[in-house]
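Inspection log for the structure reproduced underneath, given as structure tokens.
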Protein chains: 2
Amino acid sequence: MGEQSGELTNRISVLRAEYKMTQQALAEKAGVTRQTIISIEKGKYTPSLTLGFEIANAFGVDINEVFQYKK
Amino acid sequence: MGEQSGELTNRISVLRAEYKMTQQALAEKAGVTRQTIISIEKGKYTPSLTLGFEIANAFGVDINEVFQYKK
DNA sequence: TTTAAAGGTATAGTTTACTTTACATATAGT
DNA sequence: ACTATATGTAAAGTAAACTATACCTTTAAA
């Protein structure tokens with residue numbers, strides 16, 4: 001298969017700045033390593049849905065405020 | 001690592017019934033195989049965030065109406 | 001009663017998310 | 001000048017998502 005589909009963007013760096021949260025702190029709150037946060041923040045790969053929710057929870061915002069998907 | 005984290009549930013079968021969509025049809029709309037839909041629908045594994053959005057788009061609803069995450 | 005459509009299970013193989021480790025740079029504080 | 005903190009890059013290994021194939025059961029329609 002391989003729809004290649006749409007594009008996923010994120011506002012993690014903006015939210016981190018807004019909530020004054022370091023990559024390390026976010027990683028700990030989300031239960032992943034700092035490398036994982038870096039890679040997702042930079043769009044290197046797509047997180048799992050649960051990690052998406054964990055990151056949103058870390059900021060206390062809806063998942064749609066962190067990630068945007070457009071086909 | 002391994003937070004083991006929270007639990008992910010989904011309302012895919014309910015939405016499929018509501019919108020009268022077969023697993024095959026949903027799979028095609030989401031750009032994955034029927035096996036993938038079956039596995040996610042039954043909670044066998046967690047979809048990627050993009051697939052989560054694709055499935056929500058297939059129904060035309062918000063992602064939070066399809067997937068619920070509780071720590 | 002045969003046929004087709006829909007859902008279900010299993011398993012091997014590929015791709016990609018995620019970890020771990022290590023090292024490198026820029027900035028701020030002492 | 002040294003030290004600590006924050007961000008960045010790279011690469012090898014593990015874990016999990018996703019594909020492909022095959023076969024089985026149920027339900028409904030011809």
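Chain letters run A, B, ... following the sequence lines, proteins first, then strands; residues in each count from 1.
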Review point. Please give, in whole Å, the distance from C:dA17 P to A:Phe67 CZ?
Key: 12 Å
Check your understanding: Should A:Thr36 be listed as having a side-chain N or O under 4.0 Å from OP1 or OP2 of C:dC18?
Key -> no
Check your understanding: How close or far is atom C1' of D:dA10 from atom NZ of A:Lys42, stated in whole angstroms?
Key -> 13 Å
Check your understanding: Within the structure, does a side-chain N or O atom of A:Ser48 lie under 4.0 Å from either OP1 or OP2 of D:dA16?
Key -> no
**Study point:** Basic-acidic side-chain contact under 4.0 Å: B:Lys71, A:Glu54
**Key:** yes
**Study point:** Out of C:dG8, C:dC18, D:dA6, whichever nucleotide has its closest atom nearest the side chain of B:Ile38
**Key:** C:dG8
Check your understanding: NA contact type, B:Ser39, heavy-atom cut-off 4.0 Å: base, sugar-phosphate, or nothing?
Key -> nothing
Review point. Which heavy atom of B:Pro47 sits nearest a heavy atom of B:Leu8, and at what distance?
Key: CD-CD2, 4.1 Å
Practice item. Determine whether the side chains of A:Thr33 and A:Thr36 contain a donor N or O and an acceptor N or O closer than 3.5 Å. Key: yes
Check your understanding: Within the structure, does a side-chain N or O atom of A:Arg16 lie under 4.0 Å from either OP1 or OP2 of D:dT7?
Key -> yes
Exercise for review: Return the value, rounded to whole Å, for the distance between atom CD of A:Gln35 and atom P of D:dA10.
Suggested key: 11 Å
Practice item. Using atom CD of B:Gln24 as one end and atom C1' of D:dA20 as the other, report the distance to the nearest whole Å. Key: 13 Å
Practice item. Please state how far atom CD in B:Glu41 lies from atom P in C:dA6, giving the value in whole angstrom units. Key: 14 Å
Review point. 5'-most contact on DNA chain C: B:Met21 or B:Lys44, nearest heavy atom basis?
Key: B:Met21
**Study point:** Gap between atoms CD and P, on B:Glu28 and D:dA20 respectively (whole Å)
**Key:** 13 Å
Exercise for review: Can you label the angle between the A:Phe53 ring and the B:Tyr69 ring as parallel, tilted or perpendicular, going by 30° and 60°?
Suggested key: parallel
**Study point:** Check ion pair A:Arg34-A:Glu28 (N to O, under 4.0 angstrom)
**Key:** no
Check your understanding: For B:Lys20 and D:dA28, what is the distance between atoms NZ and P respectively, to the nearest whole Å?
Key -> 14 Å
Review point. Whole-Å distance between D:dA17 C1' and A:Tyr45 OH?
Key: 14 Å
